Structures are given as structure tokens and as C-alpha cells.
Number of protein chains: 2
Amino acid sequence: METLAIGDLAARSGVAPSALRYYEREGLIRSTRTGGNQRRYHRSELRRVAFIKIAQQVGVSLDEIREALAELPEERTPTKADWARLSAHWRGKLEERILLMQRLRDQLTGCIGCGCLSLQRCNLINPADRLAARGTGPQMIVNPPE
Amino acid sequence: METLAIGDLAARSGVAPSALRYYEREGLIRSTRTGGNQRRYHRSELRRVAFIKIAQQVGVSLDEIREALAELPEERTPTKADWARLSAHWRGKLEERILLMQRLRDQLTGCIGCGCLSLQRCNLINPADRLAARGTGPQMIVNPPE
DNA sequence: CTGCAACTTGAAGTGAACTTCAACTCAAGG
DNA sequence: CCTTGAGTTGAAGTTCACTTCAAGTTGCAG
């Protein structure tokens, strides 16, 4: 078995065939066809699907994933080095997201004492909502100062 | 200004009025009405909306958020202690998610050397896909062994 | 060579989380 | 009082990421 039928790729990757067809329509993965028009996947597509799944775990949209994958070479099967570059890039994104979550957690922790949820710094510290003029939303958390 | 009109709550929370109406239909927040049928929000709803936004950041669905909020007392305005309990609970969820991300990051880091993305452990270490029978998907990452 | 599981397509459906629209009413400053 | 920006409703529309369906075709084990 040199190439994979859609069912094989589905079984190996844990992604439903319908989703794989969808990914293909969306330009995230590619296949060749048999004489009878059935999809056959190169083994390297397994890696692409793995990447897609991982990126989704991180909360990245398919659009962004497509953009990332576009950085892989079209003409040849991506090498380890190609994947390494991409992975390194995503490691950065992951790191960022982890930091956001940690900030969220620390805010929550810091505010458990007062129960304020730190909307606009803290409603207890700032009871009159004096900061209301300063833009909307829990700025402190999403875009912390400095 | 003792209570907030929908526009005020929207401005303060950074959530569109249409979304606030939606949240109300979905039972996530509550309002009283003026004689002329306009919504007026108690200031404590600001906290609920903040909580909703934070939970969404963590990737929680509105359904789950509603369930969490259901643990707040209906009959009285939630106290600091009420929020503290809820926040502590969510801190756990956040912590969990952070751990998942960190595991993801470490996997990615560990695999940058081989470019494998660790689908079924590692395709380099395991080139013949011998583990294919062992369930689908990047199990190692989502449900790591031990 | 046959039978049947697995594949093909386009179109339509799903659910989550909202937004937009149209037609109308309210609240409050001048 | 009057104007006007803000609010009201239900229904329909939107985007994302798929799934389901129906009707037909293919590939391979026996």
C-alpha cells in the first residue's frame, strides 16, 4: 500500500472522510486520483492533517492554517526541515496563547480575593467605573498595559 | 445612573447590544424593564458579561457557561464569595487547558528535530506505521499515555 | 467474474454564536 | 412639546466547520 485511500487516511488521522474532502475543497490537503476517480493520498498528507488538527487545538481557523501550509513547497514533498520551520513558527503561536491563558489565570487568581473578575482593572478598587471612558471590554486581560 | 441601558452595558463590556440580547434569550444574563419596555441591567450583570467573555477566551461554549452561571444564587445579587467560588472553579479549567497547550508545545518542540509532528508517536521512529491499529488520531497529544 | 464495502458528486442540512433588517416605540435634552 | 438617538421585536441571514443524503461508480477478496 503505497498511497492511502480516503478511508485509510481517515482512520489514521482520526478525521472523517467528509472532513478530508472538505479540507481538500478548501485547499488544505491534496490528492491524486485513480483511473476510476478515487482519491489517493501521499503519505505526507498524514503530516498535513496532523498539523491541521494540532493547529485547531490551538484555536486557529482553517483560513490561517491554510496560509501557514502555503509556506510549504508545492513542487516537492516537504522535508523534515520544511516541517521543522513550520513547527517552530507554530510553537511561537502556541507560546503566545499559553501566555494569554496564564495571564487570564493569574488575573482570575488575583481577583478571587475580591471576586471582581477584573473588568476594567477592578470594580472594587475602582467602584465608580471611572475608567469606563478608556475603551471597552476587559482590556487589562486581553491587551494588558505595557 | 443606577442601572445600565443596553448601550451602556455594551460600551462597558465591549459586547454588542445584539449579542447581549442574544445572551439574554439564552438565559446567560438578566434584565428588568422600564415602563416603556426597555432593558435595564443591574451593575452586577457587568460581572456576568466579564465572566462570559473570559470563559469564551478559554474556549468554553455558551452552554457550559450557562451551566456554570447557574450555580450563582438566583434570589440575591451574587456576593464576592459567590464569584470567588466560580472563579476558583474556572481557574481549574484554565489550568487544564494551559497544560494541554504546554504538552502540545513540548511535543512540537521535541519533534522539530525530526519534523514529524508526532502523529502516532513519530513517523520517523515508527516508519512503517506499525501503530496504526492502535486507535486513530494524534492520541499522544490529546490523550497522552500514563 | 461477481458481490459488496468503499468510493464519487453536488446540494442541502446542522449548530454555534451572532448580526442584520424593517418597522416601530421610547427617553431625554433643548 | 418635539426631535432624535437609542431601544424594541421576530425573522431571516451569516460564517465556520463540517455532516448527511441520494444516486450512482469503483476496487478488490473470494
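Everything numeric in this text was worked out from a predicted model, so none of it was measured. Each chain gets a letter, A, B and so on, in the order its sequence line appears, and its residues count up from 1.
Looking at the side chain of A/Arg21, the nearest of the listed nucleotides C/dT8, D/dT8, C/dA17 is C/dT8. The side chain of A/Asn37 approaches C/dT9 more closely than any other nucleotide in the set D/dG7, C/dT19, C/dT9. Nearest nucleotide to the side chain of A/Arg25, out of D/dT19, D/dA17, C/dA17: D/dT19. Closest to the B/Ala19 side chain, of the nucleotides C/dT9, D/dT8, C/dT19, is C/dT19. Of the candidates D/dG7, C/dC18, D/dT19, C/dC18 carries the atom nearest the B/Leu62 side chain, counting heavy atoms from C-beta on. Taking only side-chain atoms of A/Ser61, from C-beta outward, the nucleotide of D/dA17, D/dG7, D/dT26 with the closest atom is D/dA17.
As a whole-Å value, the separation of A/Arg66 CZ from D/dA17 C1' is 12 Å. For the pair A/Tyr22 OH and C/dG13 P, the interatomic distance rounds to 18 Å; values are reported in whole Å. To the nearest angstrom, P of C/dA27 lies 18 Å from CD of B/Glu2. Atom-to-atom, CD1 of A/Ile52 to P of D/dA17 comes out at 11 Å; the value is rounded to the nearest Å.
Between A/Gln56 and D/dC18 there is a side-chain polar atom (N or O) within less than 4.0 angstrom of OP1 or OP2. At the phosphate of D/dG27, OP1 or OP2 sits under 4.0 Å from a side-chain N or O atom of A/Thr34. A/Arg39 has no side-chain polar atom (N or O) that falls below the 4.0 Å cut-off from OP1 or OP2 of C/dC7. Within the 4.0 Å cut-off from OP1 or OP2 of C/dA6, not a single side-chain nitrogen or oxygen of A/Arg40 is found.
Here the side chain of A/Arg66 pairs a donor or acceptor atom with the backbone of A/Glu26 at under 3.5 angstrom.
Residues satisfying the salt bridge (charged side-chain N to carboxylate O under 4.0 Å, His left out) criterion with B/Arg76, sequence neighbours excluded, are B/Asp82.
A cation-pi geometry, defined here as NZ or CZ lying under 6.0 Å from the six-membered ring centre and within 45° of its normal, holds between A/Lys93 and A/Trp90.
B/Ser31 and B/Glu24 share a side-chain donor-acceptor pair at under 3.5 Å.
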